[in-house]
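Just below is one structure, and these are the notes that go with it.
Sequence positions, counted from 1, serve as the residue numbers for this chain.
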Amino acid sequence: MVSEGAAVSGTRTAPERAGVALASLMESPDTPDRLRRLLEQALVFAGASFAGVYTPGDDPAQLCLAESAGLPRTLYGLRDCYPLTGGFPVAEAHRTGRPRWLGPAELAGCPDARRTPSPDFSLAVLPLGPAGAGCLLAVGEHPGGFGTDDRACLELIAGAVSVPAPAAAGETGELPEDAFSLAMDTGRVEVGESILRLFGIGRDDFDGRVETLLGRAVPEDLPALMSVVEADHMSIGDRELEFRILQPSGPPTWLRLRGRLLPGGEGRTARLVGTVADASTLRSDVTDVARVQRLAAALAMAGTVKDVGQAVVAALRVPLQADRIALAELENDRLVVTVLDPPEPEAWPEVWRSEWRTEWPDAPVRAMPTLAAALREGRARIWPAGSPLEPALAEVGPGGLAVLPLPAGGRMAGACLIGWDSPHEFAPDERALLTACAGLAGQALLRAHAFDAEHELVGMLQRTLLPRRLPRLPGAVAVARYLPTTAGLEVGGDWYDVIPLADNHVALVIGDVQGHNAGAATLMGQMRTALRAYAAEGHAPDVVVAHANRLLLDMETDLFATCAYVDVDMEQGTAWCVRAGHLQPVLRHPDGTAEILRAEGGPPLGVLPQAEFPMTPLRLQPGTVLALTTDGLVESPDADLDTGMDRLARRLSAADPAHLGLVADALLAGAHRADDVALLLVRYDGMAVRPLRESWTVWRVPEAVRHARRFTRRTLRTWGVSQDTLDAALLVVSELVTNALVHTGGQVRLDLSLVNHRLRLAVADASPRSPVKPTSIGWEATGGRGILLVEAVSAAWGTVPVSGGKQVWADLVPDG
């Protein structure tokens, strides 16, 4: 997840910054993780939560996930593989070569889309070049979907991502057997041995001219081949083409060409490089045994109920030439539909459409007694065309219907319905195939339920534990980044927070809970909430952290947490830092130097009951950047913490603080990603207008109210407040101070502040009970009118908790 606070001003747009970052990655040496690093730019510049590349896999009928970055794909119901003939946007974009931009409304009607994890869930699918080259898929949770700049960034990233092509001549100096390299200016071609064998040409007989190979092609396929081998018709990027070559006897042989045009320049000629393979071997007939084996393999990888349904559809619909397949789970007396293929409601009977309430429609079993009987018997049933069935089933398969109960764990987990429009003859091998598939699907459904429940919880935790956005700060800009680990379990314990406090104070928090699992994530959410609550109560930084330590100990968990807490006074440019076993903050001073603070710290939270957490003072000049991070950014197998912190300080020193978002992106570029990474950057600019503030301790003496009024009159006259506002202020002070003295015990403090012509009068006392405004007052009552008077003369009033007590405040805004 990537979060950014106040907008960062700069001369470059997001697409321009993305272009610079992508150019830098493309200029670097080709490394195994280049594709992942390219995808990470979608998280940084387009605000995506997940980005992945799907390409044709070993199975030509499948699109498989080649690389991904961001949150786990399972949080969004995304699969490792999709059938090319399916209705999911990945398959459609791959087939058509056109991008798809889907917001919440479009996804609600998508048959293969998982339940959206948030109201703002959106999906972008961009083809990688022409149709058939694969797709870039990005998931976002922005209100309104991906914006114009986000789309531009994703298009740049899709253009930079290239599906790894087979080695070609001229690149490695060696030519693989199935590869070729064609010089576009001369037509000279170098080919591997297996290509010559496919064309039936011996090495000694080949003259190196592309025309010699084209002469073996079927004449009807020559225009398509010429569009590839002629430079004027070939765009830069990947291309795939199937064509036929003539044989001395028998039918022509289908071949598949995959090529990429490498542009020329600086003395280099443009070259078309790629491979040629026998297409018949890629589309060999599959037996029923092989189909069952393939379905078993797909179901073993299916994590969710939706995955199970899609695997069944992919295994059965095309081989059986079925017109409809539905997979439904049995919950009490309802049939909860998981997959309907085809997805259009009009393709299904009326009773199904009438229950089509959401993406997960359901149908009552009682409306289909034949289906209910099949489920009770627990064995596959087949009805040929013309069988007398209730309309709800007859319309599913007017040419034939198969109902497969799905057994699992001694009960029926659901049913699979397969229907044909035209009369279908059921062969014995089809019945065996259906029975075998039903048993596999039932067991897979049972496993998927547990998986769905776990990952629904994980997804909820991941979406709710971190701030969706950072607040705008007075006199400062804050930017945060979070990158989950790409190894191990899916949810970690890193967190950050920015908490606005009273009197233009801001609390900056970063922490890390031990472990990478749902328990660590849950504890992280509890600690973040606790720290925010303690800070809002007005406690000093060391008290806030000490309270969090005691809370964690009381939870009796085996986990501990580290934390760094910095309370910044935006008016004065001062701060107090408290560390609980966490990394030191790093400061970049306005002159460009960076230092790792040597702030004294206490033990991690949840370790010692009587731990002390000392405070370290900081001084922030305008232009200072404060960096808080977790160990995932600075620690790796090849570098210890000290080395990583030194590297972080050097990179922060070299960065331009005017573009804080770019600074965060640059610091994250070297993250090892074996652990979660959280980064919080704050640039202190200083407040343009500093408020006027004064305080007065009210002593419990008979003339306390008169002393408070005199202090107020003297202060407001010094500030140049008008007489009308001064009279109203004296009335408010009298009522608030009187209430505090009469109804509470302990110390009472009067605070006055003037910010942008808005006067705030606040009285703090030691009682947590807020004053209650009376609903009605009789003429004989002797009290209760004070709060009504305060409300009448104030623009606004209220109470806030402060250090175990409360503060009652009222704002006055002079007219004009």
Side-chain angles (χ1 to χ4, degrees), residues 1-28 31 33-51 68-71 136 138 140 142 146-147 149-161 466-467 469-470 477-486 494 496 498 510 586 588 592 594 625-630 632-634 636 644 647-673 675-683:
M1 180 175 296
V2 180
S3 299
E4 183 162 342
V8 180
S9 62
T11 57
R12 288 178 174 173
T13 64
E16 290 172 339
R17 298 199 305 272
V20 173
L22 292 171
S24 175
L25 287 173
M26 298 305 292
E27 291 173 359
S28 62
T31 58
D33 65 342
R34 175 187 284 182
L35 181 56
R36 177 180 58 78
R37 294 177 64 188
L38 286 172
L39 293 178
E40 288 175 352
Q41 307 313 306
L43 313 182
V44 174
F45 294 107
S49 303
F50 170 87
S68 65
L71 296 177
L136 167 69
H142 303 287
F146 289 102
D149 284 353
D150 296 334
R151 295 189 178 194
C153 292
L154 291 175
E155 289 170 352
L156 288 174
I157 293 167
V161 172
L466 294 175
R469 59 184 60 86
L470 300 185
V477 174
V479 167
R481 297 286 190 266
Y482 176 80
L483 293 178
T485 178
T486 56
D494 291 17
Y496 60 85
V498 176
I510 198 161
V586 180
R588 184 193 188 279
V625 176
L626 174 66
L628 301 173
T629 187
T630 55
L633 179 61
V634 296
S636 64
R647 181 171 61 243
L648 174 63
R650 291 194 303 270
R651 298 176 69 180
L652 185 61
S653 176
D656 180 5
H659 307 287
L660 206 57
L662 294 180
V663 176
D665 300 339
L667 295 179
L668 286 179
H672 187 262
R673 302 298 300 280
D675 193 3
D676 291 6
V677 177
L679 175 66
L680 178 60
L681 299 180
V682 177
R683 185 185 69 234

Original post:
Looking at CG of Leu626 and CZ of Arg683, how far apart are the two atoms once the value is rounded to the nearest 0.5 Å?
Top reply: 13.0 Å

Subject >> Arg651 (side chain) donor-acceptor with Ala666 (main chain) under 3.5 angstrom >> reply: yes

**OP:** Considering non-hydrogen atoms only, spot the tightest contact between Leu652 and Ala627 and give its length.
**Re:** CD2-CB, 3.9 Å

Original post:
CD1 of Ile157 to CD of Glu40: how many Å apart, nearest 0.5 Å?
Top reply: 10.5 Å

Subject >> From Phe45 atom CZ to Asp150 atom CG, the distance as rounded to the nearest 0.5 Å >> reply: 12.0 Å

Original post:
Between Thr630, Leu679, Leu633, which is the residue that forms a side chain to side chain contact (heavy atoms under 4.5 Å, CB included) with Asp494?
Top reply: Thr630

**OP:** Kindly determine whether Val479 and Val682 satisfy side chain to side chain contact (heavy atoms under 4.5 Å, CB included), including the steps that lead there.
**Re:** CA-CA 6 Å; Val479 167; Val682 177; over 6 Å; no

Original post:
Under the side chain to side chain contact (heavy atoms under 4.5 Å, CB included) criterion, do Leu648 and Thr629 qualify, and how do the steps go?
Top reply: CA-CA 10 Å; Leu648 174 63; Thr629 187; 3.9 Å; yes

**OP:** Could you tell me which non-hydrogen atom of Ala678 sits nearest to which non-hydrogen atom of Ile510, and how far apart they are?
**Re:** O-CD1, 3.7 Å

Subject >> Result of checking Asp665, Leu680, Leu43 against Arg481 for side chain to side chain contact (heavy atoms under 4.5 Å, CB included) >> reply: Asp665

Subject >> Separation between CG of Leu154 and CZ of Phe146, rounded to the nearest 0.5 Å >> reply: 5.5 Å

Original post:
Closest heavy-atom contact between Val498 and Ala478?
Top reply: CG2-CB, 4.5 Å

**OP:** With rounding to the nearest 0.5 Å, note down the distance linking CZ in Arg588 to OG in Ser653.
**Re:** 5.5 Å

Subject >> Partners passing side-chain contact (heavy atoms from CB on, under 4.5 Å) against Ala649 (at least two apart in sequence or in another chain) >> reply: Val586, Ala594, Ile596

Original post:
Which heavy-atom pair separates Leu681 from Leu660 by the least distance, and what is that distance?
Top reply: O-CD2, 3.8 Å

Subject >> Contact summary for Ala655 and Val663, nearest pair of heavy atoms >> reply: CB-CG2, 3.7 Å

